[in-house]
Amino acid sequence: NAGVMQNPRHLVRRRGQEARLRCSPMKGHSHVYWYRQLPEEGLKFMVYLQKENIIDESGMPKERFSAEFPKEGPSILRIQQVVRGDSAAYFCASSPFERGAYTDTQYFGPGTRLTVL
Amino acid sequence: GDSVTQMEGPVTLSEEAFLTINCTYTATGYPSLFWYVQYPGEGLQLLLKATKADDKGSNKGFEATYRKETTSFHLEKGSVQVSDSAVYFCALFTGGFKTIFGAGTRLFVKA
């Protein structure tokens, strides 16, 4: 059973370009979370999605950032017009929905390290 | 709001030394508590968890006990190895769909 997959692992963009980060959850997992880790800091929650629904986006910056989890295909975190302050590691996590209840354990991908020049 | 505070690093120990990394939390309700480990260049791996007061989570020689009275979840290991060098994150989950992380504690173990 493959774990959470993220690509690319490293992404370099110039200021003003767009960054698209992809996350494929573990097989059977229907919940996806995105976190951002700035250098030497912990992870900060950005957004929680289920298939075709954004459940909680309270951690997302109001501008330039968007996320989706379509019915088919991976979840996408999109950053438009990147700035140097967007340089960070972006982690995706997934969890299952079992027996009508949310689980508290999230499984993390290896992350995408975004560098904005 | 909910939060996690853990001791600042880096922590530097010699091989076979005893490890303690302190973690305290603030939460409404009854959170689940976690320790995650991050090796260089990698994502987070779940190390151990505890879901209710007085539960002890353990894995790979690491232990942590959920102490509701002191709102703490300190990580301990009796004898560290060089391969334990990593960043350790304390975290909580309150059912609000997100995990809240501490800032992380970097551990260096010298041979």
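Throughout, protein chains are lettered first and strands after them, A, B, ... in sequence-line order, and every chain is numbered starting at 1.
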**Message:** I'd like to know whether A:Gln37 forms a side-chain contact (heavy atoms from CB on, under 4.5 Å) with B:Phe89, so could you lay out the CA-CA distance, the side-chain angles of the two residues, the decisive distance to 0.1 Å, and finally the verdict.
**Reply:** CA-CA 12 Å; A:Gln37 184 181 33; B:Phe89 292 94; 3.3 Å; yes

**Request:** Step by step, work out the side-chain contact (heavy atoms from CB on, under 4.5 Å) result for A:Phe45 and B:Phe101.
**Result:** CA-CA 9 Å; A:Phe45 169 81; B:Phe101 289 87; over 6 Å; no

**Trace of the side-chain contact (heavy atoms from CB on, under 4.5 Å) decision for B:Thr99 with A:Tyr33** = CA-CA 9 Å; B:Thr99 301; A:Tyr33 311 79; over 6 Å; no

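Residues A:Phe65 and A:Leu21 fall within the same hydrophobic cluster, defined by Ile, Leu, Val, Met, Phe, Trp and Tyr side chains chained together at heavy-atom separations under 4.5 Å. Hydrophobic clustering of Ile, Leu, Val, Met, Phe, Trp and Tyr side chains at less than 4.5 Å, counting indirect connections, keeps A:Trp34 apart from A:Val4. One hydrophobic cluster, built from ILVMFWY side chains closer than 4.5 Å, holds both B:Tyr39 and B:Leu19.
Ring centers of B:Tyr36 and A:Phe108: under 6.0 Å apart, within the cut-off.
For B:Glu69, the CD atom is densely surrounded, since the number of other residues' heavy atoms within 6.0 Å is greater than 12. Applying the 6.0 Å contact sphere to CD of B:Gln81 captures more than 12 heavy atoms from other residues, nucleotides or ligands. Within a 6.0 Å sphere centred on CD of B:Glu15, heavy atoms belonging to other residues, nucleotides or ligands number more than 12. A 6.0 Å sphere centred on NZ of A:Lys51 holds more than 12 heavy atoms belonging to other residues, nucleotides or ligands.
Only the side chain of B:Gln38 comes within less than 4.5 Å of a heavy atom of chain A; its backbone N, CA, C and O stay farther away. The contact between B:Leu44 and chain A is made by backbone and side chain atoms together, counting heavy-atom distances below 4.5 Å.
Side-chain N or O atoms of A:Tyr107 include none that pairs as donor or acceptor with a backbone N or O of B:Gln45 at under 3.5 Å.
Most heavy-atom pairs under 4.5 Å with chain A: of the set B:Ala91, B:Ser32, B:Gly104, B:Pro31, this distinction falls to B:Ser32.
The two atoms that bring B:Phe93 and A:Gln106 nearest to each other are CE1-NE2, 3.9 Å, heavy atoms only.
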